[in-house]
Amino acid sequence: MRVLAISGSLRQDSHNTRLLRAAADALPSGSQLELWHGLGELPFYNEEIDVQGEDEHPAVRELREAVRSADALLIATPEYNSSIPGVLKNGLDWASRPYAESVLRNKPAAVVGASTGSFGAVWAQAEVRKVLAASGSEVLDEEFPLGSADDAFAADGLLVDPDLTERLGEVIARLVALAENSALVVAA
Ligand SMILES: Cc1cc2nc3c(=O)[nH]c(=O)nc-3n(C[C@H](O)[C@H](O)[C@H](O)COP(=O)(O)O)c2cc1C
């Protein structure tokens, strides 16, 4: 089982990227979490440059290939002004085309989020789930809001709060189960 993890923050010291690393610890053995770092290399979405084949932008090809080859997608989103960071929305827009056969279609996905305030990016998570659902992904309803992110991580990168660690584990387990189930449906 290969889970592709994308952080909606380009920041070196991002809490959301850190949250994805903590999520890797919750994966069952035999599963791997691969962090994709290419969001900042993508051009702004423009239908005129959205072409297939040799002329496809290399960063776009890399994104689509990474999503296509993953069994599941895990996104950690910050909240910017009560919504999704533009860089993440741009990546999702690229991944969502061509619409009928996009790499997001039927892709099992889960969304988590961290913010420095108390609410843990719940609005941004809801919007990312909406975008994924509109793109045909199989999105978990669960949210994982990590508030007060400045104080949430221990020196080893794991979450300080055992309840939150357990909750993150539950979300990851649900995502893995969804992906396993979806693989069975595809194979049948
Ligand atoms: C442009 C901007 C807008 C923000 N808007 C919100 C917001 O609406 N709600 C919120 O909880 N935090 C907001 N924040 C604070 C972020 O939660 C905080 O910067 C967080 O650490 C970003 O995630 P990162 O650590 O993964 O980069 C905003 C930050 C920036 C830079």
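What you see is a predicted model; the values in this text were computed from it and never measured. Counting starts at 1 for both ligands and their atoms, following the listed order. Every heavy atom of this structure was used, including side-chain atoms; hydrogens, water molecules and symmetry mates were not.
- Ligand 1 places these atoms under 4.0 Å from at least one heavy atom of Ser9: 24 (P), 26 (O), 27 (O).
- When the heavy atoms of Arg18, Glu79, His15 are ranked by distance to atom 21 (O) of ligand 1, first place goes to His15.
- Checking each of Leu159, Thr165, Asp163 against Asp161 for a side-chain contact (heavy atoms from CB on, under 4.5 Å) leaves exactly one that passes, namely Asp163.
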Problem - Trace of the side chain to side chain contact (heavy atoms under 4.5 Å, CB included) decision for Trp36 with Leu63 - result: CA-CA 8 Å; Trp36 192 74; Leu63 168 67; 3.6 Å; yes
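- For ligand 1 and Ser115, the ligand atoms under 4.0 Å from any heavy atom of the residue are 11 (O), 17 (O).
- In terms of protein heavy atoms, atom 26 (O) of ligand 1 is closest to Ser14 OG, 2.6 Å.
- Partners of Glu127 under the salt bridge (charged side-chain N to carboxylate O under 4.0 Å, His left out) rule, at least two apart in sequence or in another chain, do not exist in this structure.
- If you look at Arg11 next to ligand 1, the close heavy atoms, those under 4.0 Å, all belong to the side chain.
- The only option from Arg61, Arg97, Arg64 that meets the salt bridge (Lys or Arg N to Asp or Glu O under 4.0 Å) definition with Asp50 turns out to be Arg64.
- Looking only at heavy atoms of the protein, atom 22 (C) of ligand 1 is closest to Pro78 CB, 3.8 Å.
- Nearest protein heavy-atom neighbour of atom 19 (O) of ligand 1: Thr116 OG1, 4.3 Å.
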Practice task
Mind running side-chain hydrogen bond (donor to acceptor under 3.5 Å, both in side chains) on Ser96 and Ser135 for me, showing each step along the way?
Solution key: CA-CA 6 Å; Ser96 74; Ser135 308; 4.6 Å; no
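- Here the protein heavy atom with the shortest distance to atom 31 (C) of ligand 1 is Tyr80 CE1, 3.9 Å.
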Exercise for the section: For the pair Glu143 and Val112, evaluate side chain to side chain contact (heavy atoms under 4.5 Å, CB included) and give the outcome as yes or no after the intermediate values. Expected result: CA-CA 6 Å; Glu143 55 185 34; Val112 296; over 6 Å; no
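- Among Thr77, Val122, Asn81, Leu146, the residue whose heavy atom lies nearest to atom 5 (N) of ligand 1 is Asn81.
- Ligand 1 has no N or O atom lying under 3.5 Å from any N or O atom of Asp13, backbone or side chain.
- Residue Asn16 approaches ligand 1 through these ligand atoms, each under 4.0 Å from one of its heavy atoms: 23 (O), 24 (P), 26 (O).
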Practice task
Check step by step if salt bridge (charged side-chain N to carboxylate O under 4.0 Å, His left out) holds for Glu34 and Arg2.
Solution key: CA-CA 7 Å; Glu34 181 189 313; Arg2 201 176 131 252; 2.8 Å; yes
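- For the ligand labelled ligand 1, residue Ser82 lies inside the 4.0 Å heavy-atom shell.
- Using modelled atom types, one finds no donor on one side chain facing an acceptor on the other under 3.5 Å when comparing Arg105 with Ser137.
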